[in-house]
Number of protein chains: 2
Amino acid sequence: MAVGTIRLTMAAAKPRRIPEATVIRLPVYQRILLELVRGGTATVASDQLAEMARVNASKVRKDLSFLGSFGTRGSGYDTKYLLSQIDRELGIDGDWPVAVVGLGNLGRALANSQGFTSRGFRVCSLFDVEPSLVGDQVRGLMIHHLDDFETVVADDPPSIGVIATPAGAAQDVADRMIAAGVASLLNFAPKVLTVPATVLLRYVDLSIELQVISFYLSHRDEPGTTEEWSPLSLAVGLTPTEPG
Amino acid sequence: MAVGTIRLTMAAAKPRRIPEATVIRLPVYQRILLELVRGGTATVASDQLAEMARVNASKVRKDLSFLGSFGTRGSGYDTKYLLSQIDRELGIDGDWPVAVVGLGNLGRALANSQGFTSRGFRVCSLFDVEPSLVGDQVRGLMIHHLDDFETVVADDPPSIGVIATPAGAAQDVADRMIAAGVASLLNFAPKVLTVPATVLLRYVDLSIELQVISFYLSHRDEPGTTEEWSPLSLAVGLTPTEPG
DNA sequence: GTTTGTGAAGTTATTCACAGCG
DNA sequence: CGCTGTGAATAACTTCACAAAC
């Protein structure tokens with residue numbers, strides 16, 4: 001590209017500002033590309049990607065064009081290269097230490113999951129209050145008592161705090177994480193949290209997913225409704241910061 | 001509930017068609033209202049709801065107006081009543097049997113979670129292939145061997161199938177679920193699935209959440225970017241069906 | 001006075017449709 | 001030819017702003 005497009009000063013910095021809707025789809029393309037690369041597919045056209053992501057092909061092309069123009073007309077996109085560009089854009093080259101509080105089934109599943117232990121993410125510390133868990137190891141990391149939270153995270157400050165506790169403990173854990181300087185929270189507890197507007201807060205609520213499903217199942221046969229719902233995106237979560 | 005409210009006979013069907021963006025926020029309001037009701041709050045104004053949901057107040061009012069007009073000018077919304085209306089709209093009065101395949105940490109956490117065992121949802125059967133798990137009970141339900149899937153679900157056909165297996169097993173499980181008539185899948189395995197367009201497919205990918213977070217953390221200090229990202233919605237997942 | 005509900009205005013996202021490159 | 005990249009057209013969503021209702 002190097003679209004001569006303005007922004008000149010000292011040569012062509014990209015005019016980028018990636019739309020939110022696109023940002024949300026990038027991880028989806030990323031995952032698809034990862035599978036393609038692993039499966040040995042070297043190039044992919046926008047309409048194939050679109051089919052796999054279950055979106056429209058021009059949307060794919062538009063989305064990717066915000067990153068630059070990496071496609072080859074006539075053949076498509078180089079999977080490896082495109083993946084590396086998406087990774088870069090998503091900040092995957094960074095180091096993102098993650099602290100997990102709550103090591104019940106869910107916390108354990110998270111701490112063990114690929115997503116938390118690859119591509120820049122790294123579980124750095126684990127906490128619980130349950131005496132029978134404290135001292136145990138998960139993936140080679142010891143579970144600390146929550147009482148030691150401040151001390152432990154001082155050594156290796158997490159960027160992301162994961163709350164996988166029961167609802168009753170969640171707000172307290174959030175407060176302590178924020179006080180310790182954690183910039184973003186991922187909350188799995190079924191509890192609405194109150195945090196400062198500067199904190200990036202995302203909820204993952206498994207029941208919310210179910211309810212969106214039940215909504216579509218309930219309505220799929222209503223007259224005139226049938227073909228028109230294309231339940232986009234996915235769902236879940238409250239959101240950080242309003243601009244105003 | 002048992003609101004005498006209309007739905008009169010056969011006059012005046014509302015002109016309703018709830019925008020997708022609204023549908024995605026309804027479960028968020030729902031959860032907030034549930035906490036308010038439990039905490040004994042009887043009424044709530046749109047700007048309070050908005051603050052808790054971290055969205056704009058007119059968005060809240062507009063969203064709620066698609067359900068009908070249940071607010072009282074001057075004081076706000078009756079929490080209980082509003083909650084019941086959202087529940088109704090989300091199809092919560094239905095019966096949604098859920099089959100879970102894969103009872104590792106994640107599957108267990110799901111089967112035990114409130115979201116899967118309340119408000120219309122009901123875990124109806126559990127499956128795994130691991131001999132040491134088959135025959136165990138989780139919340140009073142026996143874990144069946146996946147080999148018996150077709151037989152077991154014939155008795156109590158699930159509306160929703162949850163895939164919490166390793167990636168390698170996910171497509172096979174999906175195929176069997178679809179063949180057995182399951183209308184919607186919730187996939188937690190890190191695998192892109194191929195399913196017919198009529199199947200409602202949602203992905204929950206914990207690493208996608210992390211990556212959206214890392215995107216915002218990476219970009220929050222770029223010049224001109226700081227205040228403007230209001231990372232809406234939430235994100236995750238591929239999507240079912242395109243209309244075209 | 002307070003807060004809803006909603007047209008109208010403004011913004012953002014999607015889709016079309018085609019020129020341009022390989 | 002095939003497929004990308006992108007302006008222009010369309011559609012969806014958000015926000016404003018205020019009249020009406022309590």
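Chain A is the first sequence line, chain B the second, and so forth, proteins listed ahead of strands; every chain is numbered from 1.
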Indicate yes or no: at least one non-hydrogen side-chain atom of [X] is less than 4.5 angstrom from one of [Y].
X: A:Phe70; Y: A:Asp78; result: no
X: B:Arg54; Y: A:Leu201; result: yes
X: A:Val37; Y: A:Thr41; result: no
X: A:Gln85; Y: A:Tyr77; result: no

What is the distance from [atom1] of [X] to [atom2] of [N], rounded to the nearest Å?
X: A:Asp78; N: D:dT4; atom1: CG; atom2: P; value: 13 Å
X: B:Leu64; N: C:dT3; atom1: CG; atom2: P; value: 15 Å
X: B:Asn56; N: D:dA17; atom1: CG; atom2: P; value: 12 Å
X: B:Arg73; N: C:dT6; atom1: CZ; atom2: P; value: 7 Å
X: A:Phe66; N: D:dG5; atom1: CZ; atom2: P; value: 12 Å

Donor-acceptor under 3.5 Å (A:Gln48 side chain, A:Ala45 main chain): yes
Using a cut-off of 4.0 Å on non-hydrogen atoms, how would the nucleic acid contact of B:Ser58 be classed: base, sugar-phosphate, or nothing? base
Contact string for nucleotides 8-13 of chain D, one letter per nucleotide 5' to 3', B = base within protein heavy-atom range under 4.0 Å, S = sugar-phosphate only, - = neither, reads B----S
Kindly determine whether B:Val182 and B:Ile160 satisfy side-chain contact (heavy atoms from CB on, under 4.5 Å), including the steps that lead there. CA-CA 6 Å; B:Val182 174; B:Ile160 301 172; 5.6 Å; no
